[in-house]
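A short worksheet on the structure shown next.
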Protein chains: 2
Amino acid sequence: MKRRNTHSTAEIFEVLKSSGNALSHDMIQENIGSDIDRATIYRVLNRFCEDGKVHKVIGDDGKQYFAICHNCSGKKQVHSHNHIHFRCLHCGKVECLERDLAVPLPEGYVAKVHNLVISGFCNNCS
Amino acid sequence: MKRRNTHSTAEIFEVLKSSGNALSHDMIQENIGSDIDRATIYRVLNRFCEDGKVHKVIGDDGKQYFAICHNCSGKKQVHSHNHIHFRCLHCGKVECLERDLAVPLPEGYVAKVHNLVISGFCNNCS
DNA sequence: TTTATAATGCGACCTTGTTGCGATAATATT
DNA sequence: AATATTATCGCAACAAGGTCGCATTATAAA
Ligand SMILES: [Mn+2]
Ligand SMILES: [Mn+2]
Ligand SMILES: [Zn+2]
Ligand SMILES: [Zn+2]
């Protein structure tokens with residue numbers, strides 16, 4: 001199952017990269033020139049996640065947001081992120097606050113996935 | 001707009017209280033004796049949230065979980081919680097880890113809502 | 001007991017995301 | 001360059017989770 005370079009994958013990745021933020025499906029669809037099918041966008045994004053190029057966060061609005069991985073050298077290890085995400089209630093921007101957060105869990109608890117979101121007003125909107 | 005004491009509100013609150021955890025809509029519906037309509041359950045839960053008796057978290061599965069508030073003296077102030085929630089990937093339990101977490105945000109950012117969820121395996125399932 | 005209206009049940013609806021399948025196009029093979 | 005292979009795409013249908021409108025019910029005040 002070897003990945004192919006397609007128009008869709010290139011364009012979606014470019015949108016994510018130039019944005020620099022975490023984007024939801026509809027944000028991506030807006031910022032894209034050609035119109036790519038909804039299902040395709042989701043499939044491309046999920047493939048990116050599997051390949052460790054992108055990570056996904058569930059916002060406090062229940063939506064999925066996707067952001068390019070940094071300091072997350074490919075698929076060589078477990079693809080986990082423990083940084084906070086900030087979602088602006090005014091402009092909608094979702095950003096990765098690239099400072100890792102150490103969370104102490106009670107005895108016997110094993111963390112697998114971190115989904116940390118704070119919403120409020122960003123520097124531009126406060 | 002004064003609240004009324006109904007069969008539904010009493011029973012739903014009792015389920016939340018005796019569980020001690022954060023419950024999703026379907027968990028509540030299972031643990032309830034009589035069958036209360038889906039819409040009613042959501043309306044009751046949202047009313048509880050408005051009244052500061054319960055708080056809501058969006059899980060990393062995208063679902064809403066509701067838990068009784070502790071140390072959250074009613075509606076006298078902004079209803080905010082900054083504790084971590086743990087969701088077990090095996091047994092499905094979602095619990096509030098009642099230790100407040102101070103998260104430093106960049107200059108100019110204002111936090112309104114904390115939605116912090118870690119999923120993994122709980123003490124019973126690890 | 002009567003009255004006002006908050007809360008309920010039901011159905012319709014919405015949004016977000018996934019899946020099946022036949023068609024298309026990227027890559028490998030000849 | 002032509003062909004074969006199959007990953008990816010587009011479309012439509014579906015599913016889950018949650019909300020809303022409206023007529024009906026039931027709580028609590030008068
Ligand atoms: Mn991130
Ligand atoms: Mn909680
Ligand atoms: Zn903003
Ligand atoms: Zn467990």
Side-chain angles (χ1 to χ4, degrees), chain A residues 1-16 22-51 53-67 75 85 87 92 94 113 115 117 119, chain B residues 1-16 22-51 53-67 75 85 87 92 94 113 115 117 119:
Chain A
M1 245 188 237
K2 217 171 167 187
R3 299 269 118 106
R4 292 181 180 176
N5 297 325
T6 70
H7 172 244
S8 303
T9 56
E11 196 158 10
I12 293 173
F13 194 80
E14 181 54 35
V15 167
L16 284 176
L23 301 182
S24 64
H25 154 263
D26 47 296
M27 289 168 167
I28 292 172
Q29 200 148 43
E30 282 172 12
N31 295 0
I32 234 167
S34 54
D35 55 335
I36 303 176
D37 190 72
R38 214 155 50 94
T40 300
I41 294 182
Y42 280 114
R43 282 192 273 229
V44 166
L45 290 169
N46 288 332
R47 252 179 277 146
F48 283 166
C49 287
E50 288 173 18
D51 298 347
K53 297 169 70 178
V54 160
H55 64 282
K56 181 200 293 196
V57 198
I58 310 294
D60 55 326
D61 55 356
K63 296 208 246 177
Q64 302 181 347
Y65 290 87
F66 299 86
K75 52 195 146 187
H85 299 84
R87 185 172 73 92
V94 175
V113 179
N115 199 93
V117 180
S119 51
Chain B
M1 247 186 238
K2 216 169 168 188
R3 298 270 119 105
R4 291 180 182 178
N5 296 325
T6 71
H7 172 244
S8 302
T9 56
E11 195 159 9
I12 292 173
F13 194 80
E14 182 52 36
V15 167
L16 283 176
L23 301 181
S24 63
H25 153 261
D26 48 294
M27 290 168 166
I28 292 173
Q29 201 148 43
E30 281 171 13
N31 295 1
I32 235 168
S34 54
D35 54 334
I36 305 176
D37 189 74
R38 213 156 49 96
T40 300
I41 294 182
Y42 280 114
R43 282 192 273 229
V44 167
L45 290 169
N46 288 330
R47 251 179 277 144
F48 283 167
C49 287
E50 288 173 17
D51 298 347
K53 297 168 70 178
V54 160
H55 64 282
K56 181 199 295 195
V57 198
I58 310 295
D60 54 327
D61 55 355
K63 296 208 249 177
Q64 303 181 346
Y65 291 88
F66 300 85
K75 51 194 146 188
H85 298 84
R87 186 171 73 91
V94 175
V113 179
N115 198 92
V117 180
S119 52

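Letters A, B, ... mirror the listed sequences (proteins, then strands); counts begin at 1. These numbers come from a predicted model, not from an experiment.
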- Straight-line distance of I28(A) CD1 to L16(A) CG, nearest 0.5 Å: 4.5 Å

- Message: Quick check: any donor-acceptor pair below 3.5 Å linking the side-chain of R38(B) to the base of dG18(D)?
- Response: yes

- Whole angstrom is fine here: how far is it from CG in L23(A) over to P in dT16(C)? 15 Å

- Item | I58(B) vs I41(A), nearer the 5' end of DNA chain D by closest nucleotide | I41(A)

- Message: Output the rounded distance in Å from CG (D60(B)) to P (dG17(D)).
- Response: 14 Å

- Task: Could you state the atom-to-atom distance from CD1 of I32(A) to P of dG10(D) in whole Å?
- Result: 10 Å

- Query: dT19(D) phosphate, OP1 or OP2: any side-chain N/O from Y42(B) under 4.0 angstrom?
  - Reply: no

- Task: Rounded to the nearest 0.5 Å, what's the gap from CG on D61(B) to OG on S24(B)? Could you check?
- Result: 8.0 Å

- Message: Expressed as a whole number of angstroms, how long is the span from E11(A):CD to dA25(C):C1'?
- Response: 17 Å

- Which part of the nucleic acid, if any, lies within contact of N46(A), taking any heavy atom under 4.0 Å across all strands shown: a base, the sugar-phosphate backbone alone, or nothing? sugar-phosphate

- Message: Rounded to whole Å, how long is the line connecting atom NZ of K63(A) with atom P of dG18(D)?
- Response: 15 Å

- Task: For L45(B) and dG17(D), give me the distance from atom CG to atom P, rounded to whole Å.
- Result: 15 Å

- Message: Does either side chain, that of E11(A) or that of S34(A), offer a donor lying less than 3.5 Å from an acceptor on the other one?
- Response: yes

- Note on the structure: One should read off an interatomic distance between L45(B) CG and F66(B) CZ, to the nearest 0.5 angstrom, of 4.5 Å

- Message: Quick one, E14(A) and I32(A) - any side-chain contact, counting heavy atoms below 4.5 Å?
- Response: no

- Rounded to whole Å, CG of D61(B) lies from P of dG17(D) at a distance of 8 Å

- Does the ring of Y65(B) carry K56(B) above it, NZ/CZ under 6.0 angstrom from centre and within 45° of its axis? no

- Task: Mark up nucleotides 2-10 of chain C, 5' to 3', with B wherever a protein heavy atom is under 4.0 angstrom from a base atom, S wherever such an atom reaches only the sugar-phosphate, and - elsewhere.
- Result: ---BBSBBB

- Message: How long is the straight-line distance from OG1 of T40(B) back to CZ of R47(B), given to the nearest 0.5 Å?
- Response: 8.0 Å

